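Reading through the structure tokens given below for one structure.
All residue numbers refer to positions in the sequence shown, counting from 1. Note that the structure is a prediction, hence the values are computed from the model and not measured.
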Amino acid sequence: YFIYIIYKCDYSFSSDIWKWLKPLLAVLLAFIPTCLVVASTIALLVKAKKAAHRGGRRESMKWQGIVTTILTATVYCISILPYIVFSIGESVVYVEEKSTSFFYTHFRRVVVTFLSLNTISNFYIYSLTVDSFRNFVRSGVKQPQHSLSKMETSTTTQGQSMEGTEVKTEVKTE
């Protein structure tokens with residue numbers, strides 16, 4: 001059973017000040033930005049709904065951008081919430097042996113995995129919602145195949161031209 005937390009320098013957070021400073025930093029650096037993302041996304045939805053009612057049809061708003069923003073904000077919130085819970089819970093949960101604790105082993109793994117979810121999901125969100133990004137990806141996928149077929153053709157052509165020529169070699173023996 002291997003766990004990286006054993007190699008973490010826990011003594012750096014052993015002072016009593018960290019018991020209240022770590023949750024405070026989690027709130028300031030993770031929870032408040034998440035609340036701002038949620039609030040701005042809700043404001044965008046309200047604005048889009050008003051514009052759709054004014055224009056009378058959905059084409060009046062750029063729905064691709066709205067859906068992209070909403071999905072990106074939702075995935076961000078889902079990915080950061082376990083980190084916030086862990087950071088606040090770390091000052092509340094106390095165990096003798098961290099290497100055997102569910103909170104410090106398994107839940108920590110879930111937290112780290114969820115943090116990478118935000119970065120990984122952006123490619124898929126943009127591929128699903130943005131036509132220009134999807135076209136760009138398609139052109140990038142088709143282009144290497146085209147280049148590869150060009151290389152095969154030029155190699156075959158060179159090989160064919162070499163077949164018609166004779167190569168003379170002289171070997172001198174004494």
Side-chain angles (χ1 to χ4, degrees), residues 1-10 12-13 22-91 93 98-99 101-155:
Y1 184 59
F2 183 76
I3 180 169
Y4 282 107
I5 195 151
I6 295 168
Y7 299 105
K8 180 182 163 194
C9 297
D10 280 334
S12 63
F13 297 113
K22 280 178 89 173
L24 178 67
L25 288 174
V27 167
L28 288 175
L29 301 177
F31 184 71
I32 291 175
T34 302
C35 290
L36 291 173
V37 167
V38 169
S40 62
T41 303
I42 291 171
L44 175 68
L45 281 173
V46 169
K47 185 176 178 180
K49 187 175 180 180
K50 286 180 184 177
H53 286 297
R54 251 185 287 133
R57 47 181 204 178
R58 287 188 169 193
E59 291 81 35
S60 64
M61 284 297 294
K62 297 191 185 257
W63 287 100
Q64 282 183 346
I66 293 169
V67 170
T68 303
T69 303
I70 291 168
L71 285 174
T72 305
T74 302
V75 170
Y76 169 77
C77 291
I78 290 170
S79 68
I80 200 74
L81 284 176
Y83 172 76
I84 296 169
V85 170
F86 181 80
S87 296
I88 293 172
E90 203 172 17
S91 65
V93 174
K98 288 183 179 181
S99 65
S101 166
F102 174 82
F103 183 77
Y104 284 100
T105 56
H106 300 293
F107 187 65
R108 183 183 177 95
R109 286 184 188 156
V110 169
V111 167
V112 171
T113 303
F114 268 69
L115 283 174
S116 63
L117 175 70
N118 182 41
T119 306
I120 294 168
S121 67
N122 285 337
F123 172 79
Y124 298 104
I125 290 171
Y126 280 54
S127 293
L128 288 171
T129 59
V130 180
D131 291 333
S132 60
F133 183 77
R134 193 170 33 247
N135 293 336
F136 171 74
V137 171
R138 282 186 189 145
S139 69
V141 169
K142 289 178 183 177
Q143 191 173 13
Q145 292 173 348
H146 181 68
S147 299
L148 183 61
S149 64
K150 273 183 157 179
M151 285 176 26
E152 288 173 356
T153 306
S154 66
T155 306

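- Applying the ring pair (Phe, Tyr, Trp, His ring centres under 6.0 Å) criterion to Phe123, with sequence neighbours excluded, gives Phe133.
- Residues satisfying the ring pair (Phe, Tyr, Trp, His ring centres under 6.0 Å) criterion with Tyr76, sequence neighbours excluded, are absent altogether.
- With sequence neighbours left out, Thr129 forms a side chain to side chain donor-acceptor pair (under 3.5 Å) with Thr68.
- For Leu117, the side chain to side chain contact (heavy atoms under 4.5 Å, CB included) criterion is met by Val75, Ile78, Ser79, Phe114, not counting sequence neighbours.
- Residues satisfying the side chain to side chain contact (heavy atoms under 4.5 Å, CB included) test with Cys77, not counting sequence neighbours, are Thr34, Val37, Val38.
- In this structure, the separation between CD1 on Ile125 and CD1 on Ile120 is 11.5 Å, given to the nearest 0.5 Å.
- In this structure, Thr41 OG1 and Ile66 CD1 are separated by 11.5 Å, a value rounded to the nearest 0.5 Å.
- Note that the NZ atom of Lys47 and the OG atom of Ser40 stand 12.0 Å from one another [nearest 0.5 Å].
- Of the possible polar contacts, one joining the Ser116 side chain to the Thr113 backbone as a donor-acceptor pair under 3.5 Å is found.
- Considering only residues two or more places apart in sequence or on other chains, Phe107 meets the ring pair (Phe, Tyr, Trp, His ring centres under 6.0 Å) condition with Phe103.
- For the atom pair CD1 of Ile42 and CD1 of Ile70, the computed distance is 10.0 Å after rounding to the nearest 0.5 Å.
- When the side chain to side chain donor-acceptor pair (under 3.5 Å) test is applied to Asp131, the partners found at least two apart in sequence or on another chain are Gln64, Arg134.
- Residues that satisfy the side chain to side chain contact (heavy atoms under 4.5 Å, CB included) test with Leu25, not counting sequence neighbours, are Trp18, Leu21, Leu29.
- Summarising the geometry, atom CG belonging to Asn118 is positioned 14.0 Å from atom OH belonging to Tyr83; distances are rounded to the nearest 0.5 Å.
- With sequence neighbours excluded, the residues forming a side chain to side chain contact (heavy atoms under 4.5 Å, CB included) with Leu28 are Leu24, Ile32, listed by chain and number.
- Within the 3.5 Å criterion, the main-chain N or O of Thr69 finds no donor-acceptor partner in the side chain of Thr72.
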